[in-house]
Every structure is written in C-alpha cells, then in structure tokens.
Chemist: 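Before anything else, here's the structure in question.
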2 protein chains.
Amino acid sequence: MSFKLSPEYALLGILMRGPKHGYEVHSYFSSEMSQFWHLSMSQVYALLKRMEKNGMVVSRKELQEKRPAKKIFSITQAGKDRFLDWAYSPVKHVRDLRIEFMAKLFFIKELKLKGVSGIIDKQIGVLQEKLDVTRNSKERTADEFQAALHSFKIAQTTSALDWLNQCKIYFYEN
Amino acid sequence: MSFKLSPEYALLGILMRGPKHGYEVHSYFSSEMSQFWHLSMSQVYALLKRMEKNGMVVSRKELQEKRPAKKIFSITQAGKDRFLDWAYSPVKHVRDLRIEFMAKLFFIKELKLKGVSGIIDKQIGVLQEKLDVTRNSKERTADEFQAALHSFKIAQTTSALDWLNQCKIYFYEN
DNA sequence: TGAGTGTTATTACAATATGGAATATTCTCG
DNA sequence: CGAGAATATTCCATATTGTAATAACACTCA
C-alpha cells in the first residue's frame, strides 16, 4: 500500500498534467527531468503497474490498428492527494536534496503550485535541526575520525542551507 | 567478475586484518563502521559468497561440536590487490564521499596504510575538475531551474573541497 | 532502393538485491 | 532458573534492474 520510494511521486507529478501512457511518461521524464533524475523504461512500466494496483492511477485501453493498444493512465483523486502531500513536505536528509527535493521544486514550478517559499522554509527548518544535532555530536566526540565525519556532515548541511536561502530568491513567489 | 559496488571492498578491508567468518565480519562492521555504513547479515553472507566465487576470498570450514561449522574467510592476493587499488582511488561523485570515501579513509587509518594525503589530493583533483565543468554549464544556462540545480552542485562540491583540505590537516601524515 | 537506424509502445524474463524469518545452541544477567 | 541476547548460518519471498523480444512504421544516406 505505502510507497517509501520517490520515483512513484515523480510519475504522479507527470500525470498531474493529464493522462499519458507509459511511453509518454518516460519520454517526458527523459526530456524534462533528465538533468537530475533517470528512470528506465521497464521501471516506468513496473511502477505504473504497481501504482494502479495501489489505486493511485487508473488505466483505460486505447485500441489502435496495427499497433499494440495504448494503456492510458490517469491520476486518481487519491493519487493527487498523495502527490500534493509529498510535494509540500521536506526531505529528511541532505542527500535527498539533489534528486527528491529538486523534483518537488520542479513540479511546484511546472504545475504552478502555490507556496514555494513555504516548502523551502520547512526544508530549512529540518536541516537546521539536523545541523544542531550534528554540531552537538561533534563536540561530544574525542575520536578524530568521528570528528572528520561530523565535519563533513556539517559542511554539507551548511552549504545546503545557504543554497536553500538562495533558492527563496530564485523561486521568489510570483 | 567485476564488482562496481563498494560494500565488497569494505568486506575486503575488514579481512585485510586477518581471517574472519561471516558473523564476525558483520559484527566488526556494525561496531566500527556503523557511523557511516550499514550492511545486513544476509547481505554480508551473500557478498562473501560471491567474493569467494570471484576469487577475492577463500574459505575453510572449522568444525565445531554441537554448533554449525564456521566458515572462515581469508583474503587472497587478488583480493588484497583489488582492495588496495580501491583504497587509493578517488570516488567519482560528491555523493560518494559520505560513505565510500569515508570508508577509504577509515581503512587507510585502521590498516595504517601510507599515503593518506595522496588520496585526498587525488580526490581534490577530481572534484575540482567537476566544479569547473559545472561552473561552465551554469554560465551557459538561461533556465532558472537549471541554474538552481547547478548552484546546488557548486555549493556541495565547494564545501566538500573545503572539507577535504581540512582533512589533510586532520589526517596529517604520521 | 534497400539497409540500417530511430521512434513508438509494451511485455517477458533472467539476474541480483534486500529483508525477514527459520534454525539451533550457548551465554548472561537478574 | 528462565528470558532474552548473542553466536552462526541458511533459505525464501519479493523487489528491483537490466536486457531482450516483439512489431510496425518513418527516416535517411549511400
């Protein structure tokens, strides 16, 4: 029932713009989102199949002469709700910014959703808290290897926070 | 024959210290490396099995009364060569620093291998080159989303480079 | 003109990965 | 003494991934 992975959400995001069949979904993904995310054909089909089983999408067959029938997927209300929940929630780790958070920003912009600065602020909150925790851990560490590890996390989180603050300017609420 | 994934290398690193059976390898992993890497039991066993097939390790059975026989794994010369190749080569992406590069540093320290600053310098070289490429891409981009994406990469890479320079001090050649 | 390549469109299958449970004994702590 | 943690490994059911098979047509370049 539940999916933890994010590629499903990306596919939901694509279907938010209207019904599409698997091949089209993949094409869109490859052309518009390839800068930060890759999904293979078979993955797209497999995910859509599962999403249909989960009630996030429904399909209808469109028969074609001399070609295999297209299977056109539409997002359901449940799917829309799920997608929007995802789009407006921050990611848990710095490592998820590069792909998952980017995807959220991408769809918020693409679908002209309101509240970009809201999600950016929430994300800043999450990372700020992690930063504080890591700083505390670092202070309580004698081992130099552990300290180096913590320094790395602190450096990455700090630069992510700087970037998020820049983002608020880039994506300044229309 | 070839393995692209790194967990194998971590197991080789552990076996560099001497023969161990699966459970011991996992225990060591869990206690010493858990700060930056997690592997499940079944993964450890599966990996060791494959590594034996690949000639990186060999096993001998140690029979025990009233207990299942322990399977003790030793690293082969091929395994040692492979491990050292890996340990002294930089990772390709910033995202691989957190786990894989950390593991290299960990083993270099743990096994008292020479040339920490060598690998750090190589890593700095790789990331510096990526940084230049990304900076160029950013300049040639009109789209604001693309620009934000590039900014993120630049920020993360820059902070990683700063950290690597700090590392040279932390791990100053004994 | 025809051979090869690219696009549209989906399914099937094999290989691997991952998580969880099954098994069975011994140690440890209250 | 009994509960539960530790020792030690294997097995199995899914998940995931990559590759190939299929099939028609459009394009292209020699």
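Proteins get letters first, then strands, A, B, ... in listed order; numbering begins at 1 in each.
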Chemist: Given D/dA8, C/dT8, D/dG18, identify the nucleotide with an atom nearest to the side chain of A/Ser42.
Modeler: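 Nucleotide nearest to A/Ser42's side chain: D/dG18.
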Chemist: Just how far, in rounded Å, is P of D/dT7 from OH of B/Tyr23?
Modeler: 4 Å
Chemist: State plainly whether the residues B/Lys70 and B/Glu24 are in salt-bridge range, i.e. N to O under 4.0 Å.
Modeler: no
Chemist: Using ring centroids (six-membered ring only for Trp), state whether A/Phe83 and A/Phe107 fall under 6.0 Å.
Modeler: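 Yes: the rings meet the under 6.0 Å criterion.
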Chemist: If you assign each of B/Lys53 and A/Glu24 to its closest nucleotide in DNA chain C, which residue comes earlier from the 5' end?
Modeler: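 Between the two, 5'-proximity favours A/Glu24.
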Chemist: Check the distance between D/dT9's P and B/Leu39's CG and give it to me in whole angstrom.
Modeler: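 To the nearest whole Å, that distance equals 16 Å.
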Chemist: Send over the distance from A/Met41 CE to D/dA20 P, rounded to a whole Å.
Modeler: 16 Å
Chemist: What integer distance in Å separates B/Leu48:CG from D/dA8:P?
Modeler: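 Atom-to-atom, B/Leu48 to D/dA8, this comes out as 14 Å.
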Chemist: Between D/dT9 and B/Tyr45, is there an OP1 or OP2 to side-chain N/O distance shorter than 4.0 Å?
Modeler: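 Result: yes.
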Chemist: Could you tell me whether B/Phe36 and A/Phe145 have their ring centroids closer than 6.0 angstrom?
Modeler: yes
Chemist: If only side-chain N and O atoms of A/Arg50 are considered, is one of them under 4.0 Å from the OP1 or OP2 phosphate oxygen of D/dT16?
Modeler: yes
Chemist: Take the protein atom CD of A/Glu52 and the nucleotide atom P of C/dT11, then report the distance between them rounded to whole Å.
Modeler: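 That distance rounds to 11 Å.
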Chemist: Which distance, rounded to the nearest 0.5 Å, do you find between the CG of B/Leu11 and the CE of B/Met51?
Modeler: 5.0 Å
Chemist: Given C/dT11, C/dT18, D/dC11, which nucleotide is nearest the side-chain atoms of B/Gln43?
Modeler: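 Closest of the options to the side chain of B/Gln43: C/dT18.
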Chemist: Please report, rounded to the nearest Å, how far the C1' atom of C/dT26 is from the NZ atom of B/Lys70.
Modeler: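 Going from NZ in B/Lys70 over to C1' in C/dT26 covers 13 Å.
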Chemist: Just the rounded figure in Å: distance from C1' of C/dT8 to NZ of A/Lys20.
Modeler: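 It is 16 Å, rounded to the nearest whole Å.
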Chemist: For B/Lys49 and D/dT10, what is the distance between atoms NZ and P respectively, to the nearest whole Å?
Modeler: 7 Å
